[in-house]
Structures are given as structure tokens and as C-alpha cells.
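A short write-up of the structure that comes next.
No hydrogens, no waters, no symmetry mates; every other heavy atom, side chains included, goes into these values. Lettering follows sequence order; numbering is per chain, from 1.
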Protein chains: 2
Amino acid sequence: MKYSKATNYALHTMVYLITLPKGRTIGMQSLAEIQDLSPTYLSKILTKLAKGGLIESTPGVKGGYKVSKSRDDISFLDVIKTVEGETNLFHCSIEHNQNKGCMIENVMIQAEENMKEELANTFLIDLADQVDENSRSLIKGKAN
Amino acid sequence: MKYSKATNYALHTMVYLITLPKGRTIGMQSLAEIQDLSPTYLSKILTKLAKGGLIESTPGVKGGYKVSKSRDDISFLDVIKTVEGETNLFHCSIEHNQNKGCMIENVMIQAEENMKEELANTFLIDLADQVDENSRSLIKGKAN
DNA sequence: TAATTACAGATAATAAAAGTCTATAATATC
DNA sequence: GATATTATAGACTTTTATTATCTGTAATTA
Ligand code: SF4
Ligand code: SF4
């Protein structure tokens with residue numbers, strides 16, 4: 001059980017995008033090179049993010065991607081949910097009627113909520129400064 | 001991304017076992033029937049739990065499984081870790097040297113820790129009473 | 001029109017999980 | 001000690017989800 005690579009790519013891409021000067025776009029080609037992965041696969045992920053309203057894309061010669069206008073309000077959870085879907089780690093396996101208030105379910109859901117709360121309360125923008133010194137240059141590290 | 005069925009089976013089985021009168025054993029055959037799943041597959045999971053010291057098994061005619069002597073100290077996390085392994089939801093995808101203190105990693109790890117903390121602080125024994133009224137009968141619901 | 005870019009859909013490859021089958025070892029009872 | 005009963009081990013198959021590729025299409029700029 002682990003996050004999909006797609007989520008990983010999405011997070012890194014989002015962090016990268018949010019460090020760009022406002023309004024500045026970057027092409028998928030470059031984004032793929034930076035992270036050393038296939039453009040077409042990354043494309044699918046970025047399309048999801050675009051449809052989810054987290055980024056904006058424009059085709060054409062000077063096109064590319066940029067973070068959406070809601071850039072200051074995008075949480076980690078937003079990104080993860082957009083890519084993974086309305087994911088729930090725990091699902092009841094047995095189907096029975098009296099499952100309201102089941103302690104097993106309660107515990108598992110509650111724990112999961114604790115994680116999500118943290119993810120929902122951390123915003124990409126919070127990292128923007130730090131990232132410029134650390135991770136962003138690191139993400140580019142491979143290319144450099 | 002979700003918990004494996006194995007974890008699900010393990011949790012239900014553990015909860016069932018802990019509701020049994022102390023020292024009482026139950027065979028794999030029965031456990032499998034109760035949850036309506038294949039005995040051989042369940043066997044693998046139970047063996048993991050046994051090796052992990054969460055349950056004790058005895059072969060032979062009057063054999064079967066029972067919760068281990070540490071029964072009062074078994075947390076949800078114990079069960080999950082035993083089955084899923086030392087699982088970490090988030091793994092760095094890129095390998096670079098300056099990755100200490102990376103904010104992305106910090107956030108993801110911290111969120112994960114929040115979930116695990118909850119799971120580590122909830123013990124199976126806490127459910128034992130409740131379960132007798134609710135879930136356990138439910139688990140048996142299929143067979144009844 | 002031409003070049004560049006994102007988008008869509010089908011398909012293939014890979015990996016992980018879920019499940020099966022068969023044979024073996026340990027225990028209790030007779 | 002023989003026999004029935006139970007758990008254990010390992011190889012194997014099936015299924016499912018993820019990851020990745022390939023090809024063609026649509027939108028935008030110059
Ligand atoms: S978690 Fe509770 S409600 Fe859900 S399947 Fe298990 S026993 Fe039933
Ligand atoms: S999470 Fe941070 S340290 Fe890990 S790969 Fe991404 S940028 Fe590097």
C-alpha cells in the first residue's frame with residue numbers, strides 16, 4: 001500500500017509550478033525532462049489536474065501549464081484527491097445492514113481523517129519560499 | 001491506493017479472536033467460513049500474524065488459533081504493520097543528496113504519522129466489549 | 001499555412017495482490 | 001504406534017491496478 005507514482009509526479013509538478021513567477025507557463029516537454037519521466041504519461045496526470053481546476057493549460061505555440069488562479073488555496077489533499085480520486089484507504093469488506101457505528105470502521109476512518117486533515121491544512125504556497133532554496137533546485141538536480 | 005484485503009481480513013480475524021473467552025481456540029476452517037473466504041489464503045495471513053507474535057497457533061486435533069498473551073497490548077497498527085510490512089505511503093521518487101529537510105517529504109511523512117499515531121493508540125481490547133454487541137455478531141452474520 | 005503545443009483513446013507492459021493446489025509437519029486421541 | 005486433524009510451506013496461477021507507450025486529433029500562435 002503506497003501512493004501511486006502519479007501522485008508523486010503530481011505533487012512535484014505542482015510544487016514546481018507554484019514556484020514559477022505568476023502567470024509564467026512551462027511546457028509539458030520541459031516538465032517531463034526535469035523529472036525524468038515520459039511526457040505522455042505525465043500528460044495524463046496534468047490533464048487530470050487541469051480538469052480538477054488546479055492548473056490551467058493552453059495549447060499552441062506559446063502554450064503550456066501554469067498554476068490556476070486559486071494558487072494560494074491549493075492544499076496537498078487537493079492534489080492527492082485530484083489524482084487518486086476520492087480515495088478511502090479502508091473499505092468494509094463484508095456487506096451487512098448493521099454496520100453503522102462499527103468500531104473497526106470508526107477507528108480506521110478516524111485515523112485516515114487525521115492524515116487527511118494534515119494534508120488539507122498544508123498548502124502548496126506554504127512551501128514556495130522554502131522550495132526555492134531546497135526542493136525545487138533538487139528536482140532540477142537531475143537535469144543540471 | 002487502499003488497504004489490501006489481507007489487512008482487512010487480519011483486522012476482522014483479530015477482533016474476532018479477541019472476543020473469544022481467554023485461551024479458547026478456533027480453527028482456520030471456521031474462521032474462513034465466518035468471513036466467507038478461502039482457507040488457504042487466510043492461512044497465509046494468519047501465519048504472518050503468528051510469526052509476528054500477535055496470535056498463537058497449535059496444530060493437531062484440538063488445535064487452532066488464539067490471540068497471544070500480549071492480547072491487551074495489541075494495537076491496530078500492530079496488526080496492519082504485521083500484514084502490510086513496514087509500510088510507508090510516501091516514498092521519494094527522485095534520488096538526490098540534498099533531500100534532508102525537504103518540505104514535500106516532511107508534509108507527507110507527518111500526515112502519515114498522524115494516521116499511524118491514531119492506529120497505534122487504539123487497541124483491539126478496547127473494542128472487545130462493543131464488538132460483542134455489534135461487529136462480531138455482524139461478522140458472523142453471513143454464516144447465521 | 002505551418003509549427004507547436006495540449007488532449008484523447010486504445011493498447012501494451014509491468015507489478016502487485018489475491019487466490020489455488022499440493023505436499024509436509026506437528027499434535028491429540030485411540 | 002496408527003490415524004485423524006490441524007497448521008505450515010512453497011510453487012504456481014489468476015486477477016487487478018498501475019504504469020507506460022503509441023497514434024491520431026484539436027487548439028493556438030506566428
Ligand atoms: S468494518 Fe465493521 S461494518 Fe465494516 S465490514 Fe467490518 S465488521 Fe462490518
Ligand atoms: S519529496 Fe523532496 S526529497 Fe523527496 S524526491 Fe521529492 S523533492 Fe526530493
Side-chain angles (χ1 to χ4, degrees), chain A residues 1-13 17 24-33 35-68 80 83-91 93-94, chain B residues 1-13 17 24-33 35-68 80 82-91 93:
Chain A
M1 180 178 65
K2 57 180 177 14
Y3 285 112
S4 68
K5 288 188 179 182
T7 292
N8 212 314
Y9 299 158
L11 280 172
H12 283 84
T13 304
L17 287 180
R24 167 81 169 284
T25 68
I26 182 175
M28 186 183 61
Q29 214 53 257
S30 312
L31 286 170
E33 276 176 24
Q35 300 178 66
D36 190 32
L37 54 92
S38 128
T40 32
Y41 185 49
L42 181 59
S43 164
K44 295 205 178 316
I45 300 164
L46 294 185
T47 299
K48 265 191 184 177
L49 292 173
K51 287 191 174 173
L54 304 191
I55 61 178
E56 293 169 10
S57 66
T58 45
V61 164
K62 280 289 184 180
Y65 297 93
K66 66 184 174 197
V67 67
S68 91
I80 294 172
V83 175
E84 300 258 353
E86 284 292 334
T87 171
N88 272 86
L89 294 183
F90 181 79
H91 295 99
S93 47
I94 309 174
Chain B
M1 178 179 65
K2 56 181 178 14
Y3 284 112
S4 67
K5 288 189 180 182
T7 292
N8 211 314
Y9 299 157
L11 280 173
H12 283 84
T13 305
L17 288 180
R24 167 85 168 283
T25 67
I26 181 175
M28 186 183 60
Q29 214 56 256
S30 313
L31 286 170
E33 276 176 25
Q35 300 177 68
D36 189 32
L37 54 92
S38 128
T40 32
Y41 186 48
L42 182 59
S43 162
K44 293 201 181 316
I45 299 164
L46 295 183
T47 299
K48 266 191 184 176
L49 292 172
K51 287 191 174 174
L54 305 191
I55 62 177
E56 293 170 9
S57 66
T58 45
V61 163
K62 281 288 184 182
Y65 297 92
K66 67 184 174 197
V67 67
S68 90
I80 295 172
T82 302
V83 175
E84 300 258 354
E86 285 292 335
T87 170
N88 271 86
L89 294 184
F90 182 79
H91 295 100
S93 46

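- The backbone N or O of B/Pro39 lies less than 3.5 Å from no partner atom in the side chain of B/Ser43, so there is not a single donor-acceptor pair.
- Note on B/Ser4: only backbone sugar-phosphate atoms sit closer than 4.0 angstrom, heavy atoms only; bases stay farther off.
- Between the side chain of B/Lys5 and the base of C/dG19, no donor-acceptor pair under 3.5 Å is found.
- Note: CE (B/Met28) to P (C/dT27) measures 17 Å, nearest angstrom.
- The aromatic rings of A/Phe90 and B/Tyr3 sit perpendicular, their planes meeting at an angle over 60°, well past the 30° parallel limit.
- You'll find that the side chain of B/Tyr41 is closest to C/dA18, out of C/dA18, C/dA28, D/dT29.
- Across the interface with DNA chain D, nearest-nucleotide mapping of A/Thr7 and B/Ser57 shows B/Ser57 to be the residue nearer the 5′ end.
- Mapping A/Lys2 and B/Pro59 onto DNA chain C via the closest heavy atom, the residue that lands nearer the 5' end is A/Lys2.
- Here the P atom of nucleotide C/dT4 and the CG atom of A/Leu31 are 18 Å apart, to the nearest Å.
- Taking the side chain as every heavy atom from C-beta outward, B/Leu46 and B/Leu31 approach each other to under 4.5 Å.
- Ranking D/dA20, D/dT8, C/dT29 by closeness to the A/Ser38 side chain, first place goes to D/dA20.
- Rounded to an integer number of Å, the gap from B/His91 NE2 to D/dT18 P is 16 Å.
- When rounded to the nearest whole Å, the span between NZ of A/Lys44 and C1' of C/dA6 equals 12 Å.
- Here A/Tyr9 lies in heavy-atom contact (under 4.0 Å) with sugar-phosphate atoms only.
- Using a 30° and 60° split on the angle between ring planes, B/Tyr41 and B/Tyr9 fall in the perpendicular class, above 60°.
- Distance, A/Ile45 CD1 to C/dC7 C1': 15 Å, rounded to whole Å.
- Atom NZ of A/Lys62 is separated from atom C1' of C/dA3 by 13 Å (rounded to the nearest Å).
- Note: NZ (A/Lys48) to C1' (D/dT18) measures 11 Å, nearest angstrom.
- Note on A/Thr40: a base of the nucleic acid sits closer than 4.0 angstrom, heavy atoms only.
- Counting only heavy atoms from C-beta on, B/Ser43 has its side chain closest to D/dT8 among D/dT8, D/dT19, D/dT28.
- If you take NZ on B/Lys2 and CG on A/Asn88, they are separated by 12.0 Å, rounding to the nearest 0.5 Å.
- Taking atom CG of residue B/Leu49 and atom P of nucleotide D/dT8, one finds them 11 Å apart after rounding to whole Å.
- B/Lys51 comes within contact range of the sugar-phosphate backbone alone, with a heavy-atom separation under 4.0 Å but no base atom that close.
- Take the nearest nucleotide of DNA chain C for A/Met1 and for A/Gly27: the residue whose nucleotide is more 5' is A/Gly27.
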